[in-house]
Amino acid sequence: MTNLTTPQDSREPGRIILILGDQLSHDLPSLQIGDPQKDCLLMAEVAEEASYVPHHKKKLAFVFSAMRHFADELTAAGWNLQYVRLNDPDNSGSLIGELDRALEQFTATEVLVTEPGEYRLREALNTWSGPARITMLDDSRFLASHDMFRSWAEGRKQLRMEYFYRDMRRKTGLLMQGDAPEGGKWNYDSENRKPAQNDMFMPKPLRCDPDRITQDVLELVEHRFPSNFGRLTPFWFAVTRAAALKALDHFIDAALPLFGDYQDAMLDGEPFLYHSLLSQYINIGLLNPLEVCRRAERAYYEGHAPLNAVEGFIRQIIGWREYMRGIYWLKMPGYTSENALGAGRDLPEFYWSGETKMACMAAAITQTRDEAYAHHIQRLMVTGNFAMLAGIDPHQVHEWYLAVYADAYEWVEAPNVIGMSQFADGGLLGSKPYAASGNYINKMSNYCTTCTYDVKQKTGPKACPFNPLYWDFLIRNREKLSKNPRLMQPYRTWDRMSAEKQQEYLISAEKVLNSL
Ligand code: FAD
Ligand code: DLZ
Ligand code: SF4
């Protein structure tokens, strides 16, 4: 660890450049304009960031280890860097406190920081009244600036991702032939909804052995956060850019060709399928989203992966990921407290233990506990769907997701949870709630084959809980949802049911809810 010193030979005071734990990119704007001869870098592991939600142990280890490796790279590149460890005796516990402390040691009139990803931290820095002025730079690692997104959103009745995505294709030129999309269509999702089979070859994600730095961090996390959720070991995430680039190559070679086909599939015992597991590396800054997309695009033009896979993959990154960030900054503050459906039930304890007889929920939660990972359909259609059907308080659901995934930062997690998954923003993001009965899960997975419950039974003690909860959800929210054109059909189906059948559904749902 180095201490900040004012360089002897500088005629004018340098700046302090604060690098946050998810800004581990050598092309970070503040590093690009910083001067290694004069400026000092500050990185700090602090209790406040480590505990604003009870992060998964693997997520904590990932962030701290990647921060330490990145700090070593910056020092080797000639920067004067102060790195504060979590257990340093003088650690004040917050990033603002560490900034104040650094300014006691290093004369600086300016603090340079790339805009934090989360509103909370941006506010803390913007309202800081320390002895230097803060200059906040736009985060150029995103394609759409706040202004660009705001002007795209302005005047639109509905903010549909698909149209935003097309603009991002035009802006980047990814999979474009002049003004036209490659292959003649913008979106190949209709080819991407196949269920997976047990006997398919499943590529495993690249696993990296922990080095000395990671081992120290693993000990630190176990010691400081013994009762946090999640299994700490085996720990195999990449924690450097070099290793993350290998993980990217591995995904492109082994999984991308079938990524599209099985994107929505779920299979017991196969937590990763053909997914990339790159979100934690992109979000923390080890990989640049555009370089990831260009790499996938190359695989298409070299004939290694088909268009449905490559287009689908690129859409997730330049479409959904950028769009989610745009929504977050458009709607904060206040977005994380939205609760359009007035849901108020507490998050069931089994979200932390995985102890439930519902096989799909147990699989998604135990996998989350073990890997700090679940893929999109598990997050959306299993744990998210259940929470929405059961009427769980969306803020509690939001805090759970923010804590348990290695890739979770509020700017991307909150729109996915509050908006896409819980419909708590009243439909800003989705044209209808992602509500589904057990039938959907049965179609897209093999979980139901080993479940205590029977997915075919609609009511009664053996019935799949998703079945009565689905109807209960629609009826509970009839006033708010029945005018939605995409829900007309289910409401008509309900109205055609006999009163006894309706009653059976509602009684079964009540029993499930009372047992939570
Ligand atoms: P892949 O399936 O391989 O997808 C490729 C990449 O596309 C991902 O790495 C990611 O960068 C991007 N991507 C895909 N879908 C989305 C999306 N909906 N929003 C933003 N980026 C997307 N993603 C996060 O990065 N952090 C979160 O905290 C997060 N929380 C979520 C919560 C819920 C309820 C839901 C439904 C989705 C959430 N997502 C989140 C989106 C998505 O589930 C993850 O990005 C994805 O599962 C990460 O795994 P992967 O890298 O294997 O993704
Ligand atoms: C997620 C996280 C954690 C667990 N710890 C730290 C930390 O100790 N120091 C730090 O600078 N950043 C950490 N982070 C990432 C920040 O929470 C993240 O930069 C903000 O949430 C903004 O996205
Ligand atoms: Fe999940 Fe219902 Fe299938 Fe059981 S029967 S795995 S609860 S969908």
Side-chain angles (χ1 to χ4, degrees), residues 18-23 43-52 55 59-60 62-64 67 84 86 95 98 116-122 161 205 251 255-256 259 263 268 272-284 289 292 312-317 319-325 356-363 373-384 386-387 397-398 401-402 404-418 420-422 434 436-442 445-457 463-467:
L18 174 65
I19 313 278
L20 304 173
D22 57 353
Q23 297 186 336
M43 294 179 73
E45 299 167 5
V46 292
E48 195 169 82
E49 295 308 307
S51 54
Y52 66 92
H55 301 287
K59 178 183 181 185
L60 289 168
F62 172 57
V63 174
F64 293 154
M67 282 176 73
V84 183
L86 194 68
L95 287 166
E98 287 315 294
E118 300 192 356
Y119 184 87
R120 166 188 66 82
L121 202 50
R122 192 178 79 169
M161 197 289 295
F251 163 69
L256 178 63
F259 170 85
Q263 207 181 335
D268 198 22
F272 311 118
L273 295 158
Y274 295 89
H275 291 276
S276 69
L277 273 92
L278 295 177
S279 54
Q280 69 265 37
Y281 305 141
I282 302 174
N283 293 353
I284 207 170
V292 171
F313 180 73
I314 286 176
R315 174 159 27 90
Q316 305 312 310
I317 296 180
W320 281 112
R321 184 173 184 272
E322 293 281 336
Y323 171 81
M324 290 302 186
R325 177 176 183 258
T356 161
K357 287 190 259 173
M358 291 180 276
C360 55
M361 291 287 284
Y373 178 82
H375 64 71
H376 187 68
I377 292 299
Q378 292 176 307
R379 297 187 205 196
L380 184 65
M381 299 311 293
V382 179
T383 42
F386 185 86
V397 181
H398 147 68
Y401 278 98
L402 189 55
V404 302
Y405 292 112
D407 60 16
Y409 300 90
E410 195 178 82
W411 65 265
V412 54
E413 171 276 334
N416 269 297
V417 173
I418 298 286
M420 184 189 270
S421 152
Q422 300 301 296
Y434 280 96
S437 68
N439 190 33
Y440 174 86
I441 295 172
N442 191 32
S445 78
N446 62 356
Y447 293 137
C448 304
T449 55
T450 55
C451 189
T452 307
Y453 298 106
D454 182 352
V455 72
K456 302 283 179 216
Q457 288 194 39
C464 164
F466 284 82
N467 292 340

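Start at 1 and go down the list; that is how both ligands and their atoms are numbered. Positions are given from 1 along the sequence.
For atom 2 (Fe) of ligand 3, the N/O/S atoms of C448 include none lying under 2.8 Å.
Checked against a 3.5 angstrom limit, the closest N/O atoms of D407 and ligand 1 fall inside it. For the pair W320 and ligand 1, the shortest N or O to N or O distance does not fall below 3.5 Å. Not a single N or O atom of F259, backbone or side chain, sits closer than 3.5 Å to an N or O atom of ligand 1.
Summary of contacts: the protein heavy atom closest to atom 9 (O) of ligand 1 is S279 N, 3.2 Å. Of all protein heavy atoms, the one closest to atom 30 (N) of ligand 1 is R379 NH1, 3.4 Å. Atom 2 (O) of ligand 1 has H275 ND1, 2.7 Å as its closest protein atom, hydrogens excluded (heavy atom only). In this structure, the protein non-hydrogen atom closest to atom 39 (N) of ligand 1 is N416 ND2, 3.5 Å. Atom 1 (Fe) of ligand 3 has its closest protein heavy atom at C360 SG, 2.4 Å. Shortest contact from atom 2 (Fe) of ligand 3 to any protein heavy atom: C464 SG, 2.3 Å. Looking at atom 53 (O) of ligand 1, its nearest protein heavy atom turns out to be S276 OG, 3.9 Å. The protein atom (non-hydrogen) at minimum distance from atom 4 (Fe) of ligand 3 is C451 SG, 2.3 Å.
Note that OH of Y405 is 11.5 Å distant from NZ of K59, once rounded to the nearest 0.5 Å. Note that NE2 of H275 and NE2 of H376 are 9.0 Å apart. Values are rounded to the nearest 0.5 Å. The CD1 atom of I284 lies 11.0 Å from the CD atom of Q23; values are rounded to the nearest 0.5 Å. Note that CD1 of I317 is 10.0 Å distant from CD of E322, once rounded to the nearest 0.5 Å.
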Next item on the list: Decide yes or no on side chain to side chain contact (heavy atoms under 4.5 Å, CB included) for R321 and W411, but give the supporting numbers first.
Entry: CA-CA 10 Å; R321 184 173 184 272; W411 65 265; 3.6 Å; yes

Next item on the list: Give the C-alpha distance, both sets of side-chain angles, the deciding distance and a yes or no for side chain to side chain donor-acceptor pair (under 3.5 Å) between T383 and Y401.
Entry: CA-CA 10 Å; T383 42; Y401 278 98; 2.8 Å; yes

Next item on the list: Using the side chain to side chain contact (heavy atoms under 4.5 Å, CB included) rule, take E98 and V46 through it: C-alpha gap first, then chi angles, then the decisive distance, then the call.
Entry: CA-CA 8 Å; E98 287 315 294; V46 292; 3.9 Å; yes

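Neither the backbone nor the side chain of F272 comes within 4.0 Å of ligand 1, counting heavy atoms alone. Using a 4.0 Å cut-off between heavy atoms, Y373 contacts ligand 1 through its side chain alone, with no backbone atom that close.
The distance from ligand 3 to the heavy atoms of V455 drops below 4.0 Å at these ligand atoms: 5 (S). Below 4.0 Å from some heavy atom of Y447 lie the following atoms of ligand 3, by number and element: 6 (S). Heavy-atom contacts of A374 reach the following atoms of ligand 1: 47 (O) (cutoff under 4.0 Å). Interface of S421 with ligand 1, defined as ligand atoms under 4.0 Å from a residue heavy atom, comprises 34 (C). In the vicinity of M324, heavy-atom distances shorter than 4.0 Å reach the ligand 1 atoms 19 (N). When each atom of ligand 1 is checked for a heavy atom of H376 under 4.0 Å away, the hits are 18 (N), 36 (C), 37 (C), 41 (C), 42 (C), 43 (O), 47 (O). The atoms of ligand 1 that sit less than 4.0 Å from any heavy atom of L380 are 36 (C). Shown in contact with R321 at under 4.0 Å from a heavy atom are these atoms of ligand 1, numbered in order with element: 11 (O), 20 (C), 21 (N). Of all the atoms in ligand 1, the ones that sit under 4.0 Å from a non-hydrogen atom of F313 are 5 (C). Near N283, meaning under 4.0 Å from one of its heavy atoms, ligand 1 places the atoms 24 (C), 25 (O), 26 (N).
Here the side chains of L402 and Y52 are in contact, with some heavy-atom distance below 4.5 Å. C360 has its side chain within reach of F466: a pair of non-hydrogen atoms, C-beta onward, lies under 4.5 Å apart. Side chains of Y409 and Q280 form no contact here, defined as non-hydrogen atoms less than 4.5 Å apart. At a threshold of 4.5 Å between non-hydrogen side-chain atoms, the residues V412 and R325 do not count as touching.
In this structure, the side chain of N467 engages the main chain of V455 through a donor-acceptor pair within 3.5 Å. Proximity of a side-chain donor or acceptor of Q316 to a complementary backbone N or O of G312 within less than 3.5 Å is detected. Using a distance-only test at 3.5 Å, with no hydrogens or angles considered, no donor-acceptor pair links the side chain of N283 to the main chain of A408. Y119 places no side-chain N or O within 3.5 Å of a backbone atom of E410 that could act as its donor or acceptor partner. Between the side chain of N442 and the backbone N or O of C448 there is no donor-acceptor pair closer than 3.5 Å.
Residue contact annotation: Y323 has no non-hydrogen atom under 4.0 Å from ligand 1.
Closest heavy-atom contact between G384 and S421: CA-OG, 3.5 Å.
The distance between the ring centers of F251 and Y281 does not fall below 6.0 angstrom.
Protein residues lining ligand 2, listed by chain and number: L20, G21, D22, A44, E45, V46, E49, A50, Y52, H55, L60, V63, F64, M67, L95, G117, E118, R120, L121, Y409 [non-hydrogen atoms, distance under 4.0 Å].
Of the options I317, V417, T383, the smallest heavy-atom separation from atom 6 (C) of ligand 1 is shown by I317. Of the candidates Q316, R315, E413, Q422, the one placing a heavy atom closest to atom 15 (N) of ligand 1 is Q316.
Taking the six-membered ring where the residue is Trp, F259 and F313 present perpendicular rings, their angle passing 60° and hence far from 30°.
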